[in-house]
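One structure is given here, and the rest of the page talks about it.
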Amino acid sequence: MRVAATPTSSQIVTVTVNGTAYEREVPARRLLVHFLRDDLDLTGTHIGCDTGSCGACTVHLDGVAVKSCAVLAVQADGAQVTTVEGLGDDELTPLQQSFSDHHALQCGYCTPGMLMSASALLAENASPTEEEVKVGLQGNICRCTGYWNIVEAVVAAGKGSA
Amino acid sequence: MKIEGTKEFDASREVVWSVINDPAKMAKTMPGVESFEIADDKHWSAKVKVPLGLGGLKMSMNFTKLEERPLEFASLNAKGQGVGALMNMTTSFTLSGEGEQTSMAWEADVKIAGPVGSMGQRVLQPIINQQVGNVLSALDNEVQAAKSGA
Amino acid sequence: MLLREVSYARPASIEEAVALLSEHEGARALAGGQTLVNVMKQRAASPDVLVDLGKLDELRTISVSGTTLQIGAMATLASIMRSSEVEVSRPILAEVAATIADVQVRNRGTLGGNICVNDPTNHFPPLLVALGASMTVLGTGGERTLTADEFFVGVFETAVGEGELLTRIDVPAGGKGAGDGMAGVTLGAHGTYVANAAASVADGTWRIALGCVGAVPVRATAVEEKLAGADVDEAVARTAVEGLGATLDPPSDVHASADYRRSLAETSAVRAILQAAEKARG
Amino acid sequence: MTTVETEGTTTLQKGFVGQNVPRREDRRLVQGEGVYFDDVKRHGMGYVHFLRSPYAHARITSIDVSAALELPGVYGTLTGDEVAILTDPFFQIAAEPGASVKDFALAVGKVRYVGEPVVAVVAETRELARDASELVMVDYDPLDVVVDARKALEDGAPVLHEDCGGNMSYTGVWEWGDVDAAFAEADHVVSISELHFDRFNSTPLELDGALVEYNRGTGQWTITTNNQFPGFAVIMMAPAMRVGTDKLRMVTQDIGGGFGNKITSHPQLVALCLLARKLNRPVQWTEWRTDFHQSMSHGNERWFLDTEVAVKADGTMTAFRTKAIDDAGAYLRYEPLGGVIWSQVAAGMYGWRNIRLEFTQAMTNKAPVSPNRGYSRMQHLWFTERIIDIVAHELGFDRVELRKKNYVQPGQMPYETPNGCVYDSGDYPRALDLVLDLIGYDTIEQRREEAASRGKLLGFGIGSTLDSGTNNFGQSQLLNPELQFSGNNEVATVKLDIFGEVVVTLGTTPQGQSHETTAAQVVADILGCDVDLVHVRAGHDSYWNSHAGFSGTYASQFAVTGLGAVKGATEELARQMKTLASMVFQCSVDDIELADGFARMKENAEAALPFMALGAIPNANNAGFPVDPPPMNARFVYRPPFEVPDKERKFGNLTLTYSMQIHACVVEVDPETGVYELVDYAAVDDCGVRVNPKIVEGQVMGATAHAIGAAMFEVFAYDDEGNLLTPNFYDYHVPHTLDMPPLKTAAIESPSPFTPLGTKGMGEGGGGGIHCIGAALQDALRSSGGAVVTSSHNPYHRVWEMLRHPERSREKVEVKG
């Protein structure tokens, strides 16, 4: 049996974020969300709780929506990460535009996480029903809107892209 | 949080008393004791790592014997301070019974503050009940050991 | 929010994982991390070493062997929801997985992690007890198999010992005359359980487990016996469940008094039983 | 499904005001380019972690930070002993006994609630700061704890602040009309022994925090934070720190929700200022969810004891009397203002002329309260709605008719309440009819039967509520006659820049209320230009000199004070532009009009100056003018028309506008478990002229969601030791998408006669959802023992208890005569 690697309290992490490759030494205890915000200065990804409940920190990890506060940065080694900054270039995506058109944001703090959850949903299901959207956004808390306009915005974005 | 119960032992009161009155023996009944020190017959302390499955909760505990009436009643206070966590327990044991049967009525008033609390309602009380259960069964083993030893 | 210092290793093989777990005191396997990382954020518990199972794809397989559904410990809840093997042999697993937390948690969270954590409010411990599942645990000394009843030991504690690793969960495939159900009350839709019951019947034999009434799932054996062989309708189920609450000693907290939990356990049991009976009738 | 129906506006707007102009804020926010306080970094900045009390009440016997300081990467610490030397206690709003509370940036000598900051530790990384805080040794000597406001007022209760001689912070009797006579003439008297409004808050998703820099040369602090009432914060901070308010530069751009909960962060801000100066480096603090729940800004919890209601045979309600006991928590950060704010809506939406309310506020070993969306009025409006539904329930009146009979009628507007407040406009009966149409009131009985056939108990409820806005701060003198606060104000500056851009600077600190958008709409209409030509600066910076003492975003007032200031400043700029054009064209100012982006002669469209020219002349091309060209720069302070209230009679106009909302909902209860679902929901809003209807509707939706959360899921519950049992989102469940009911909304516009634009403040909503959900539960349970709903928070387990033990609530209610 081959000898097991020695656990270490910090590691070199190679990760591609929004198409840019980064190599950084990271403490094993650092959360992916803090790596993105504090180390890579990608501050669009937000933090709204300390229990993995609110979804403000949602990003795509190898194309899958995850809460970056419940993933260690070292776990993202070798992965592709997309944050809200990577959603569109200077032009708004139809989803982003739909959020604005339907007044789906007020303070905007939950919005990046909402957009990442919604875009992951639309990638799997191009025109989701209202119920499917609610299920898809169940992991994202918004305290301003009551969700009604957010659900409308995502349903509309789906119809637009269908 | 107040919890209480009764525990039956197949041993004489003398034997049971000899256990609950002996800090060293009592120490063996506590979960995760790593080191143990006796200051005097009324005060002793221990370093414990309360097993929580996901990793232990380190605490340093100080024990003070509050009152004792040999073969009948003992009460003690246990104060624990860990990193950000606090435990304060006042517990009492009342022994009754004849011959080789002893019944121990126990009461404990447990206060826990800190991160275990913030893990949520759903785990706190079950954890305490579980730890108490472990203590009682360990106590039984100590009593049996003392009995056969005697 | 900020973890204590911890060491980390990401083994490339199951053997290496077991070696790491056994060689390092205070080592803990990191599966999906959807509970463990959050517990570490609270600093309520702090493993000294994390052994990340993330790269062990052999632990993610879901397959059917004979009449047994074999689910790798690292199979995510999302993959269980999508698995045709699960859909064919024990669909309740997918139905329940779909109600756990949210998309992001289901994308990372694993079946093995859900049961190894054994948070008293978790969905799978009572369900797997009701389904009569068994768990395969690997240690340096080799493999051993535990029944679900043996597996759950306490809050955050299971029979998986120091240096051991849960590798697989086996669930007997359901078939004709078999049916499963799970019912309960949660904090909001798809929220944390306040109380629940899981029921399973095969050829008139019942297994019923209650969640959130103790540190581990509680078997309702008396109810199981009363239902044995019976043609179950609502009246039968209610009679069988009557008095169940009185036999329980559930916790009392901000979400439910002990009495309320006793009542919910009975209602949940009746509803889970009726779901199972319905499905068994096909 | 989610349907949103909005009735056509009753006052047609021309121009941009009244249109759903797309939000200016959205682009940066959907791109993740918003700038929240935690997004800002500085060279060498240290991260702050607060070590907090695990005890609800204890004496601090010793603090040892040496081990923490030895940890590599630790920059320094701050303890209560240092704070007590370097600062004075915060100014107290209260008269005696509350005036004797000594409140500092960190615990001094004693801790009074679990989560109270005791020591601040600064280190190179966030993680390290927390590690170091675990090495700080604090010895506590625990004291008895009191968490129940009623017990806190009893003799022998543990005392939090010895200098106050007890736990009472304020008490006063508020009586208007002839209450005894009204009860003597009553045909029925309904008494309710106990009602309880539970503790919760709106839990903004972004938590508190700041980046604080200190410049030794200028002696000035720059505080990049998300405090939503910087005007109040500096009034609290500067005297305590023994500096002038201008030494505290308050900066914000984007704020992740506030709802009042971000008004009272001044203690932490002072601790950060002291650390930045002590360590001579920028310090940054980000609060986490569990810290926030345990220590910040809970909403006021309130008991209403021994309530009596005088009712005539025809259902007319002539009087009520009650004893309110308010729970302020451990410190008075904004309190006891809650002790007067409720009286803005003393009579609710009803014609009560005789009212007696004994208000007493207690301090307890729980987190300090602060304003929370619907601050203090929500609690009282819930109380008035409970009265209506309990009286209807006990005396057999129809809830709709009883409301219509007792509502203030449209013909009475503007209506002076018994305590001198003036309800500016509104048609409450019409709004009720509108909401009943939306919810299909005429089909309720059918739906009840249909639900019963599925084993469900269906209930219908109404919640009528007010959103009083634009405070007269003079009401603070009704609590403490010595205070020198009165009236209100807000500031805007508008300038025409060198290339003709219109630049607007506000004094406010929006947290999602879309000020950049609505201000641009008002400016564009006055200047006759395109809304896209107007640039409204994002955020607040006290360096801009565009703020006043009451600047901030709180208490439903921007549409009045903020836009009033914008209107005033823009009209002044328009006058300057016309004057300059008249100088150029050698004509009278009256011959000039502003239209299509030009200042031009009314009679000769050829004679037109583009904004660019008007901006360039004074700014860059001003030689040879016979007199000074106007500066193209206007600053305006809006001041609402208020008098100082009569302190003896506790009489006067306390707020300028009264928006109104009526909510209605349908619930289905599972009689076995007490689990219930909102199956239908409707809300009608009247906030006068709506500058941007979609934005107004967004506020209605948000307030509805908060009310649903408070009614069903959200509560700050404590055990007897003062441990918060819901310290984060594990146990404090806020509604998620799947918890939300279908919603229908409609609007009426009854313009306010008292405001510059006919608008009314409307951000808070008055908790209508809490009122109507409780009423619907009471209706659903009518056939199962007739329990009376006596709490604002009704989670499943309480509904189950009401089903199993209706007598427990029934015995709180009695009908005499």
Side-chain angles (χ1 to χ4, degrees), chain A residues 27 29-30 34 37-38 41-54 56 83-85 87-88 90 92-93 95-97 99-112 115 130-131 133-152 155, chain D residues 1-2 4 20 22-23 25-36 38-41 125-127 202-207 254-259 286 288-291 510-514 694-695 697-699 701-706 708 728-730 734-738 740 742-743:
Chain A
R29 61 166 156 176
R30 179 141 314 154
H34 280 134
R37 288 182 52 81
D38 295 348
D41 294 326
L42 292 166
T43 55
T45 303
H46 296 152
I47 299 171
C49 73
D50 51 9
T51 50
S53 312
C54 82
T83 70
V84 66
E85 291 93 340
L87 263 192
D90 203 40
L92 299 189
T93 65
L95 177 65
Q96 288 169 317
Q97 188 59 51
F99 264 59
S100 181
D101 295 344
H102 291 85
H103 191 29
L105 61 148
Q106 290 178 32
C107 80
Y109 196 77
C110 75
T111 308
L115 289 166
E130 183 180 312
E131 192 58 26
V133 170
K134 286 183 173 184
V135 171
L137 299 182
Q138 177 68 1
N140 295 73
I141 294 175
C142 170
R143 293 303 279 164
C144 293
T145 66
Y147 305 101
W148 291 284
N149 287 346
I150 294 174
V151 172
E152 265 188 15
V155 169
Chain D
M1 55 163 256
T2 302
V4 178
N20 292 328
R23 291 211 326 160
E25 296 84 349
D26 288 350
R27 184 179 179 83
R28 68 175 183 268
L29 297 178
V30 297
Q31 291 183 315
E33 299 296 334
V35 180
Y36 301 85
D38 189 55
D39 301 341
V40 184
K41 265 188 189 176
T125 68
R126 300 181 192 272
E127 294 90 345
S202 294
T203 59
L205 199 55
E206 180 203 36
L207 299 152
D254 297 304
I255 299 180
F259 316 117
T286 301
W288 307 118
R289 176 61 55 185
T290 302
D291 305 333
Q511 316 112 38
Q513 295 92 340
S514 320
K694 200 150 187 76
I695 287 168
E697 187 192 43
Q699 292 294 313
M701 290 172 157
T704 301
H706 283 173
I708 289 171
N728 51 44
F729 287 146
Y730 280 140
V734 301
H736 294 230
T737 46
L738 290 168
M740 301 310 286
L743 174 70

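Only this structure's heavy atoms are used, side chains among them; waters, hydrogens and symmetry mates stay out. In what follows, every chain begins at residue 1, and chains take the letters A, B, ... in the order their sequences are listed.
Residue D/Asp254 does not touch chain A at all, counting heavy-atom pairs closer than 4.5 Å. Residue D/Thr286 does not touch chain A at all, counting heavy-atom pairs closer than 4.5 Å. Using a 4.5 Å cut-off between heavy atoms, A/Val155 makes no contact with chain D at all. Residue A/His102 touches chain D through its backbone alone, counting heavy-atom pairs closer than 4.5 Å. Interface remark: D/Leu738 contributes backbone and side-chain atoms alike to the contact with chain A (heavy atom separation under 4.5 Å). D/Gln513 does not touch chain A: none of its heavy atoms, backbone or side chain, sits under 4.5 Å away. Using a 4.5 Å cut-off between heavy atoms, D/Arg28 makes no contact with chain A at all.
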**Q.** Audit row: A/Cys107, D/Leu205, side chain to side chain contact (heavy atoms under 4.5 Å, CB included) steps and yes/no
**A.** CA-CA 9 Å; A/Cys107 80; D/Leu205 199 55; 5.9 Å; no
**Q.** Residues D/Ser202, A/Arg143; criterion side-chain hydrogen bond (donor to acceptor under 3.5 Å, both in side chains); working and verdict
**A.** CA-CA 7 Å; D/Ser202 294; A/Arg143 293 303 279 164; 5.4 Å; no
Q.
Could you walk me through whether D/Glu25 and A/Gln106 satisfy the side chain to side chain contact (heavy atoms under 4.5 Å, CB included) test, starting with their C-alpha distance in whole Å, then the side-chain angles of each, then the deciding distance to 0.1 Å, before giving a yes or no?
A. CA-CA 9 Å; D/Glu25 296 84 349; A/Gln106 290 178 32; over 6 Å; no
Q) Where do A/Leu137 and D/His736 land on the side chain to side chain contact (heavy atoms under 4.5 Å, CB included) test, with the steps shown first? A) CA-CA 8 Å; A/Leu137 299 182; D/His736 294 230; over 6 Å; no
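Most heavy-atom pairs under 4.5 Å with chain A, from the set D/Pro22, D/Gly256, D/Gly512: that is D/Gly512. Counting heavy-atom pairs closer than 4.5 Å to chain D, the top residue among A/Thr45, A/Val133, A/Leu105, A/Thr93 is A/Leu105. No other option in A/Thr111, A/Thr83, A/Ile141 has as many heavy-atom pairs under 4.5 Å with chain D as A/Ile141. The residue among D/Gln511, D/Met740, D/Glu33 with the most heavy atom pairs within less than 4.5 Å of chain A is D/Met740. Looking only at heavy-atom pairs under 4.5 Å with chain A, the residue among D/Pro204, D/Gly702, D/Ala703, D/Gly258 that has the most is D/Gly702. With respect to chain D, the highest number of heavy-atom pairs below 4.5 Å among A/Leu42, A/Leu115, A/Leu87, A/Leu92 belongs to A/Leu92. Ranking D/Thr125, D/Asp38, D/Asn20, D/Val35 against chain A, the residue ahead of the rest is D/Asp38, based on heavy-atom pairs under 4.5 Å.
Once rounded to the nearest 0.5 Å, the distance linking NE2 of A/His34 with CZ of D/Arg126 reads 4.5 Å. One finds the NE2 atom of A/His46 at 8.0 Å from the CD atom of D/Glu206 (value rounded to the nearest 0.5 Å). For the atom pair NE2 of A/His103 and CG of D/Asp26, the computed distance is 8.0 Å after rounding to the nearest 0.5 Å. Residue D/Leu29 holds its CG atom at 11.0 Å from CD of A/Gln96, rounded to the nearest 0.5 Å.
Between A/Trp148 and D/Pro742, the shortest heavy-atom distance links the atoms NE1-C, 4.3 Å. What you find for A/Gly146 and D/Ala705 is that their closest heavy atoms are CA-CB, 3.5 Å. Heavy-atom minimum distance, D/Asp39 versus A/Arg37: OD1-NH2, 2.8 Å. Closest approach of D/Phe729 and A/Cys49 over heavy atoms only: CD1-CB, 3.6 Å.
When only modelled atom types and interatomic distance are considered, D/Arg289 and A/Thr51 share no side-chain donor-acceptor pair under 3.5 Å.
A salt bridge links A/Asp90 with D/Arg27: at least one charged nitrogen is closer than 4.0 Å to a carboxylate oxygen.
D/Tyr36 contributes a side-chain N or O that, together with a main-chain N or O of A/Tyr109, makes up a donor-acceptor pair within less than 3.5 Å. The closest donor-acceptor contact from the side chain of D/Lys694 to the backbone of A/Asp101 lies at 3.5 Å or more, if one exists at all.
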